[in-house]
Amino acid sequence: MCLFCDIVEGKIPSTKVYENDYVLCFDDINPVAPVHVLVVPKKHFDNIDALAADPEGALYSAEITKAISEVAKIKGVTGSYRTINNCGEKAGQTVMHVHFHVIGGAELTEKLI
Ligand code: 5GP
Ligand code: ZN
């Protein structure tokens, strides 16, 4: 069982922001900023390493990139947002279905890098 596969399949509800054949983008249940959307490929990959290694990785990566930009546009934060991917438990990944956080709508001052 995978939480985000269940959300993609509609078994668990989410607040949809954007969707196409490749991705589902929905509001994070525990937002850290006024805009906090998760960009999730509809195909299951455990993490970004699995995504990169998959024969369809390039296709899904391109679709994810376009979806991130589309989400920013829909939420009105084009040119002013942060994208985060946590890969692996030690890096803070808690849902083992690759996803990208799109965060914005506030001044993003705290920086790791
Ligand atoms: P990670 O820690 O793996 O990088 O990010 C997982 C994210 O999924 C967290 O920000 C968490 O708030 C979010 N999340 C966990 N469960 C749910 C859920 O059932 N629905 C939604 N919309 N977000 C969730
Ligand atoms: Zn999954």
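All ligand and atom numbering here is 1-based and tracks the order in the structure.
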Taking Val37 as the starting point, is it possible to reach Val95 by hopping between hydrophobic residues whose side chains are less than 4.5 Å apart?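 Hydrophobic grouping puts Val95 apart from Val37.
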Should you measure from each heavy atom of [X], which atoms of ligand 1 turn up under 4.0 Å away?
X      : value
Asn30  : 12 (O)
Gln93  : 3 (O)
Phe26  : 21 (C), 22 (N)
His101 : 1 (P), 4 (O), 5 (O), 7 (C), 10 (O)

Is [Y] close to [X] at the side-chain level, that is, under 4.5 Å between some pair of heavy atoms?
X     : Y     : answer
Asn47 : Gln93 : yes
Val71 : Tyr18 : yes
Cys25 : Val40 : no
Leu51 : Tyr60 : yes

Verdict with supporting geometry, Ile103 and Ile84, side-chain contact (heavy atoms from CB on, under 4.5 Å): CA-CA 8 Å; Ile103 295 163; Ile84 295 173; 3.9 Å; yes
Hey, does [X] come in under 3.5 Å of ligand 1, counting only N/O atoms on both sides?
X     : result
Asn86 : yes
Phe4  : no
Gly92 : yes

Of all the non-hydrogen atoms in the protein, which one sits nearest to [atom], and at what distance?
atom                    : answer
atom 9 (C) of ligand 1  : Asp28 OD2, 3.3 Å
atom 16 (N) of ligand 1 : Leu3 CD2, 3.3 Å
atom 22 (N) of ligand 1 : Asp27 O, 2.9 Å
atom 1 (P) of ligand 1  : His99 NE2, 3.2 Å
atom 24 (C) of ligand 1 : Ile29 CG2, 3.4 Å
atom 2 (O) of ligand 1  : Thr94 OG1, 2.8 Å

Ligand 1 contact on Val32 by region, counting heavy-atom pairs under 4.0 Å: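 The answer is neither.
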Heavy-atom distances under 4.0 Å decide this one: backbone, side chain, both or neither, for Ile12 against ligand 1?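 It is neither; nothing of Ile12 touches ligand 1.
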Would you name the N/O/S atom of His97 that lies closest to the Zn ion (ligand 2)?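 Answer by atom name: ND1.
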Parallel, tilted or perpendicular: rings of His101 and His36 (30°, 60°):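 Tilted, since the angle between the ring planes falls between 30° and 60°.
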Out of curiosity, Glu63 CD to Lys66 NZ, how far, rounded to the nearest 0.5 Å?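 Answer rounded to 0.5 Å: 4.0 Å.
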Taking a cutoff of less than 4.0 Å between a non-hydrogen atom of the residue and any ligand atom, is Ser14 in contact with ligand 1?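 No, that is not the case, since the closest heavy atom of the residue is not under 4.0 Å from the ligand.
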Evaluate the criterion ring-ring contact (aromatic ring centres under 6.0 Å, His included) for residue pair Phe45 and His97; output intermediate values, then yes/no. CA-CA 6 Å; Phe45 306 96; His97 179 137; 7.6 Å; no
Give the intermediate values and the outcome of side-chain contact (heavy atoms from CB on, under 4.5 Å) for residues Lys43 and Asp54. CA-CA 11 Å; Lys43 180 173 172 178; Asp54 192 275; 3.3 Å; yes
Quick one: the ND1 of His44, the Zn ion (ligand 2), SG of Cys5 angle, rounded to 10°, please.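 Rounded to 10°, it measures 110°.
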Got a salt bridge between Asp27 and Lys75, using NZ or NE/NH1/NH2 to carboxylate O under 4.0 Å?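 The answer is yes: the pair qualifies as a salt bridge.
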